[in-house]
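In what follows, every heavy atom counts, from backbone to side chain, and hydrogens, waters and symmetry copies are set aside. Because the structure is a prediction, the values reported are computed rather than measured.
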Amino acid sequence: MGFADQRFNVNLSILFTELPLLERPAAAAAAGFTAVELWWPWIDSPTPERSELDALKKAIEDAGVQLTGLNFYAGQLPGPDRGALSVPGEESERFRANIDVAADFAQSLGCKALNALYGNRVDGADPAAQDALALENLVLAARAADRIGAILLIETLNRPESPLYPLVSAPSAIEVVDKVNAATGLGNAKFLMDLYHLSMNGEDLPSVIDRYAARTGHVQIADNPGRGAPGTGSLPLEELLDRLRKAGYDGWVGLEYKPGDRPSAEAFEWLPREAR
C-alpha cells in the first residue's frame with residue numbers, strides 16, 4: 001500500500017493562498033490534482049453576493065476539479081475564530097444565515113461533505129448553554145446537508161493552537177456526532193479525523209483509527225511538528241493512512257498543510273504525480 005493507494009484532495013484555504021481565490025482551482029489542477037476542498041472562502045460574509053458564488057463555481061468548473069469538502073461559515077478563519085455555531089448572539093445568527101447558502105453552493109458543485117466548526121468558548125457564556133446552542137445549530141446543519149445528500153462533519157482541533165475550542169480529543173467530537181445523530185435520526189453526522197490536530201493533542205493515533213475509522217467521514221493530514229508537508233516532521237503518515245484503509249476508510253484525504261517558504265506548487269514532491 002502507501003500514498004499511491006489514497007485519494008488526495010488539496011485544501012485551497014491553506015495551499016495556493018499566494019494566489020487569488022479564483023486562480024487556486026486551476027493551480028491545483030496544474031499540479032495534478034482532481035479534487036479540492038475549502039474553508040468558507042468569504043470570512044467576512046456568511047451570505048456573499050450571488051456574483052461571488054457564481055465566480056468561484058465557474059473557477060472550479062473551468063479547472064475541471066471536483067469540490068469534495070466545504071466549511072460552513074466559521075468566523076475569522078484563518079484568524080482568532082474557530083467556528084460560530086456555539087457562539088451566542090450575532091455569530092450564531094450568521095452561522096444560521098449561512099447554512100442554506102453553503103449547502104446550496106455545495107449542491108451546485110456536487111460536494112457531499114460539509115464541515116461545521118464548533119466555535120470557541122466565550123467569556124461570560126455558560127458552557128452548557130453554548131453546547132445547547134451548538135446542538136440546535138448542528139441539527140439545522142445536518143438537515144441541510146441531508147437535503148443535498150451530504151454528510152455533516154464534526155472536527156477535533158488541538159489545544160495548543162486552539163485553547164478556547166472545546167473539542168480537543170477524538171472522543172469529544174464523537175460525543176457531538178452521536179448527539180446530532182440522535183437528535184435528527186438522520187445518521188449523517190460523521191467525524192472529521194485530522195491526524196495533525198490529534199497528534200498535537202498527544203492522542204494515540206493507531207488507537208483512534210482503530211476505534212473510529214467506521215465513524216469517520218473525512219480525513220485531513222499535515223506533518224507534525226510544523227504543520228508542513230508529509231516528510232517535514234515525524235508523523236508516520238503513510239503508515240497511518242494504510243491503517244485507515246485497512247480499517248475500511250476509502251474516502252478522500254485532504255491535504256491541509258502549510259507549504260513553507262516556497263510556492264505551493266513545489267510542496268507536493270512527496271507524492272508522485274500519478275498518485276495525485
Side-chain angles (χ1 to χ4, degrees), residues 6-17 19-75 77-78 83-85 94-117 138 140-155 186 188-192 194 216-221 249-256 264-265 268 276:
Q6 310 295 333
R7 293 194 298 160
F8 293 104
N9 63 21
V10 178
N11 189 300
L12 297 181
S13 298
I14 194 168
L15 284 156
F16 294 108
T17 57
L19 299 174
L21 175 63
L22 298 183
E23 294 179 18
R24 297 177 203 169
F33 291 94
T34 62
V36 299
E37 62 183 36
L38 282 162
W39 303 341
W40 184 247
W42 301 280
I43 62 174
D44 294 318
S45 177
T47 55
E49 295 293 331
R50 168 57 57 185
S51 59
E52 293 183 274
L53 292 161
D54 288 346
L56 180 56
K57 179 176 183 287
K58 184 176 187 299
I60 291 170
E61 290 175 335
D62 287 352
V65 293
Q66 174 65 46
L67 181 67
T68 54
L70 177 68
N71 282 18
F72 287 107
Y73 170 78
L77 181 74
L85 61 91
R94 286 161 73 87
F95 176 82
R96 291 191 184 195
N98 172 250
I99 289 174
D100 282 333
V101 177
D104 289 345
F105 183 75
Q107 183 180 38
S108 75
L109 286 161
C111 174
K112 298 297 185 182
L114 290 160
N115 183 27
L117 284 172
L138 286 168
L140 296 174
R143 289 175 177 155
D146 181 69
R147 171 173 64 81
I148 67 164
I151 59 172
L152 175 72
L153 297 169
I154 308 295
E155 182 174 8
L186 296 172
N188 69 329
K190 304 284 186 180
F191 179 41
L192 195 168
D194 186 309
T216 298
H218 186 47
V219 172
Q220 291 174 332
I221 65 168
Y249 180 77
D250 63 356
W252 291 97
V253 176
L255 304 180
E256 198 185 49
S264 296
F268 305 109
R276 298 178 189 174

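Within the 4.5 Å cutoff, the side chain of D104 has no heavy atoms near those of the L53 side chain. Side-chain contact between L56 and W42 is present, with at least one heavy-atom pair separated by less than 4.5 Å. R24 is listed as a side-chain neighbour of T17, based on a closest heavy-atom distance under 4.5 Å. Counting only heavy atoms from C-beta outward, the side chains of L255 and I221 approach each other to under 4.5 Å. Using a 4.5 Å heavy-atom threshold, the side chains of L186 and L152 count as separate. The closest side-chain heavy-atom distance from Q66 to T34 is not below 4.5 Å. Here the side chains of I154 and L138 are in contact, with some heavy-atom distance below 4.5 Å.
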Could you go step by step and tell me if V10 and V65 meet the side chain to side chain contact (heavy atoms under 4.5 Å, CB included) rule?
CA-CA 10 Å; V10 178; V65 293; over 6 Å; no
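Of the inter-residue distances, the one linking Q6 atom CD with Y249 atom OH reads 9.0 Å to the nearest 0.5 angstrom. Summarising the geometry, atom CG belonging to L117 is positioned 5.5 Å from atom CD belonging to E155; distances are rounded to the nearest 0.5 Å. Taking CG of L140 as the reference point, atom CD1 of I99 lies at 4.5 Å (rounded to 0.5 Å).
With sequence neighbours left out, the side chain to side chain donor-acceptor pair (under 3.5 Å) criterion links E23 to no other residue. By the side chain to side chain donor-acceptor pair (under 3.5 Å) test, R143 pairs with no residue at all, sequence neighbours left out. Evaluation of the salt bridge (charged side-chain N to carboxylate O under 4.0 Å, His left out) rule for R96 yields E136 as partners, not counting sequence neighbours. Looking at residues two or more places apart in sequence or on another chain, you find a salt bridge (charged side-chain N to carboxylate O under 4.0 Å, His left out) between E256 and R227. Under the rule for a side chain to side chain donor-acceptor pair (under 3.5 Å), the partners of Q220 that lie at least two apart in sequence or sit in another chain are E37. The side chain to side chain donor-acceptor pair (under 3.5 Å) test applied to N98 returns no partner, not counting sequence neighbours.
Contact detail for P78 and W39: the closest heavy-atom pair is CD-CZ3, 3.7 Å. Taking all atoms of both residues into account, the shortest heavy-atom contact from A150 to A113 is CB-N, 4.1 Å.
Remark: the backbone N or O of A144 is not paired with any side-chain donor or acceptor of D100 at under 3.5 angstrom. Although no hydrogens or angles enter the test, the distance criterion places no donor-acceptor pair under 3.5 Å between the side chain of R147 and the main chain of A103. In this structure a side-chain-to-backbone donor-acceptor pair under 3.5 Å is missing from T216 to H218. Judged by distance alone, with hydrogens and angles left aside, the side-chain atoms of W252 form no donor-acceptor pair with the main-chain N or O of G217 at under 3.5 Å. Side chain of K112 to main chain of A106: no donor-acceptor pair is present (N/O by atom type, distance under 3.5 Å, no hydrogens or angles).
Taking 4.0 Å as the cut-off between side-chain N and carboxylate O, R94 and D44 do not count as a salt-bridged pair.
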